[in-house]
Student: 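Would you mind keeping the following structure in view while I ask a few things?
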2 protein chains.
Amino acid sequence: MNESDVFRALADPTRRAVLERLLDGEKNASELREGLGISQPAVSQHVAVLRSAGLIAEKKSGRHVHYSLAPDGLAPVFDWLTRYRSFWPARVDRLKTLLKEMDQ
Amino acid sequence: MNESDVFRALADPTRRAVLERLLDGEKNASELREGLGISQPAVSQHVAVLRSAGLIAEKKSGRHVHYSLAPDGLAPVFDWLTRYRSFWPARVDRLKTLLKEMDQ
DNA sequence: GTAAAACATAAGTGCGTGCTTATATATTGC
DNA sequence: GCAATATATAAGCACGCACTTATGTTTTAC
């Protein structure tokens, strides 16, 4: 749940792929597994890492578990990144545009 | 120089500490080493990882090498992070404030 | 030219990590 | 209750990685 856990969790491409899939909305473990080409336990282990890093939330529903992106789970990364804002020259404009869009 | 290299580079706390030190300005390897409690080759190896991830730049000057943060080196992280902007609720306001400050 | 300084590379080591198969736990449908 | 489904945990393995010591390379100072 600290900065180190989050960065470590994000270092693995399979875990980033899992997060990516959750952008569409919540999914259970079997759905997350599709196309990843790894075993069911592997998914379960990745999910455990993401959850203990505070990146995903889970909601049990019978024998299914629905996983979703945890709001503000990426906050540690975001906070870390803002310290380097002077080194983003080309990104700031994009960011401003983004925020204007969000205002509307 | 791609997303995976950058995330992998950032996963190590010592490497994040190295970047942190470069926020003050450029430093050579011996200066970077101070307080880290690791050997000179270890620093050299971390620097190599950061450089091949596009996160730091180097400028040779005699027998010294001055390392500095690479402008836009964190762009891959930033771009990745913007995809999750809907899950930053509490961060957006802070970000707006930050950009207002940068405008002045 | 020679020694020292700054950094890089090589080689080895131990531990972490991502995977597997096997098994356990819990829930549903019949 | 029993089989099937959904997920978690255990144990083992292979590889990656962060370190170390030893050595190489380049540059400066004398």
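Heavy atoms only: backbone and side chains are in, while hydrogens, waters and symmetry mates are out. All values reported here derive from a predicted model rather than from experimental measurement. So that the names make sense, note that chain A is the first sequence line, chain B the second, and so on, each numbered from 1.
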Student: Output the rounded distance in Å from NZ (A:K60) to P (C:dT25).
Tutor: 14 Å
Student: Parallel, tilted or perpendicular: which one describes the rings of B:W80 and B:Y84, with boundaries at 30° and 60°?
Tutor: tilted
Student: Is B:R33 reaching over with its side chain to a backbone N or O of B:I38, donor-acceptor style, under 3.5 angstrom?
Tutor: yes
Student: Do A:H66 and A:E58 have side chains that approach each other closer than 4.5 Å (heavy atoms only, starting at C-beta)?
Tutor: no
Student: Within the pair B:R8 and D:dC17, is there a side-chain N or O less than 4.0 Å away from OP1 or OP2?
Tutor: yes
Student: Rounded to whole Å, please give me the gap between CD1 in B:I38 and P in D:dT20.
Tutor: 7 Å
Student: Can you build the contact string for nucleotides 3-11 of chain D? Use B for base contact, S for sugar-phosphate-only contact, and - for no protein heavy atom under 4.0 Å.
Tutor: -BBSBBBBB
Student: Any side-chain heavy-atom pair from A:V49 and A:D12 closer than 4.5 angstrom?
Tutor: no
Student: Answer yes or no: does a side-chain N or O of A:R15 lie under 4.0 Å from OP1 or OP2 of C:dG18?
Tutor: yes
Student: Does any donor atom in the side chain of A:S4 or B:R16 lie under 3.5 Å from an acceptor atom in the other side chain?
Tutor: yes
Student: Taking side chain as C-beta onward, heavy atoms only, is B:L22 less than 4.5 Å from B:L32?
Tutor: yes
Student: A:L36 has an atom CG; how far is it from atom P of C:dT20, in whole Å?
Tutor: 11 Å
